[in-house]
Amino acid sequence: MGFNLKLTLMQANWLLIKEARLGLMAAIMAGFGRVISEVGASMMVGGNIKGQTRVLTTAIVLEVGKGNYDVAMAIAYILLIITYTVIVLLTILQHDKKIL
């Protein structure tokens, strides 16, 4: 008595994603952490043009360079809140069995 289990390609891919979910989410979180903390590449490639290419990390560097430590700290807190929120949501998604 054998099992006659035939999966379509879509079903097989969905099953593979479900099984690899923990590893995929860990890789996404590690990649997000790397991207959100990058300053050097942002400065070299994108520059720091106000209204055009400024991102939070380059804005922090600019404000520290100008001596505006209070503004730099405020931007850093905003960056930390965004990062913490994204990581918490990804962690919940990683461990919630009902979603996938």
Side-chain angles (χ1 to χ4, degrees):
M1 187 151 112
F3 290 101
N4 188 9
L5 182 62
K6 293 184 181 180
L7 295 176
T8 66
L9 183 60
M10 184 185 287
Q11 289 172 328
N13 286 335
W14 182 250
L15 182 62
L16 180 65
I17 290 170
K18 282 177 63 173
E19 292 298 321
R21 181 179 54 152
L22 290 176
L24 287 172
M25 292 303 287
I28 289 170
M29 283 191 270
F32 175 75
R34 175 74 183 205
V35 167
I36 201 73
S37 65
E38 186 59 54
V39 175
S42 298
M43 291 291 246
M44 288 187 294
V45 176
N48 195 18
I49 303 167
K50 187 173 185 174
Q52 299 293 320
T53 61
R54 187 168 292 170
V55 294
L56 288 175
T57 51
T58 59
I60 293 168
V61 171
L62 176 72
E63 295 301 329
V64 168
K66 292 192 308 188
N68 295 334
Y69 299 113
D70 54 343
V71 175
M73 289 299 293
I75 297 170
Y77 287 136
I78 292 168
L79 183 63
L80 282 172
I81 290 168
I82 292 169
T83 304
Y84 183 74
T85 303
V86 169
I87 292 298
V88 166
L89 290 175
L90 287 174
T91 302
I92 291 169
L93 183 66
Q94 182 180 21
H95 294 291
D96 192 4
K97 300 265 188 221
K98 294 178 229 168
I99 292 175
L100 287 179

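Just one of I87, V88, L89 meets the side chain to side chain contact (heavy atoms under 4.5 Å, CB included) condition when paired with T91; it is I87.
Through chains of ILVMFWY side-chain contacts below 4.5 Å, Y77 is grouped with M73, L80.
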V71/I60 under side chain to side chain contact (heavy atoms under 4.5 Å, CB included): CA gap, chis, key distance, verdict: CA-CA 8 Å; V71 175; I60 293 168; over 6 Å; no
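Heavy-atom minimum distance, M25 versus L93: CE-CD2, 3.5 Å.
F32 is connected to M29 through a chain of hydrophobic side-chain contacts under 4.5 Å among Ile, Leu, Val, Met, Phe, Trp and Tyr, so both are in one cluster.
Residues satisfying the side chain to side chain donor-acceptor pair (under 3.5 Å) test with N13, not counting sequence neighbours, are none.
Between T83 and T85, every side-chain heavy-atom pair lies at or beyond the 4.5 Å cut-off.
The OG1 atom of T57 sits 7.5 Å away from the CD1 atom of I36 when rounded to the nearest 0.5 Å. The CG atom of L24 lies 12.0 Å from the CG atom of L90; values are rounded to the nearest 0.5 Å. Atoms CE and CG, from M10 and L15 in turn, are 14.0 Å apart once rounded to the nearest 0.5 Å.
In this structure, the side chain of E19 does not engage the main chain of L16 through any donor-acceptor pair within 3.5 Å.
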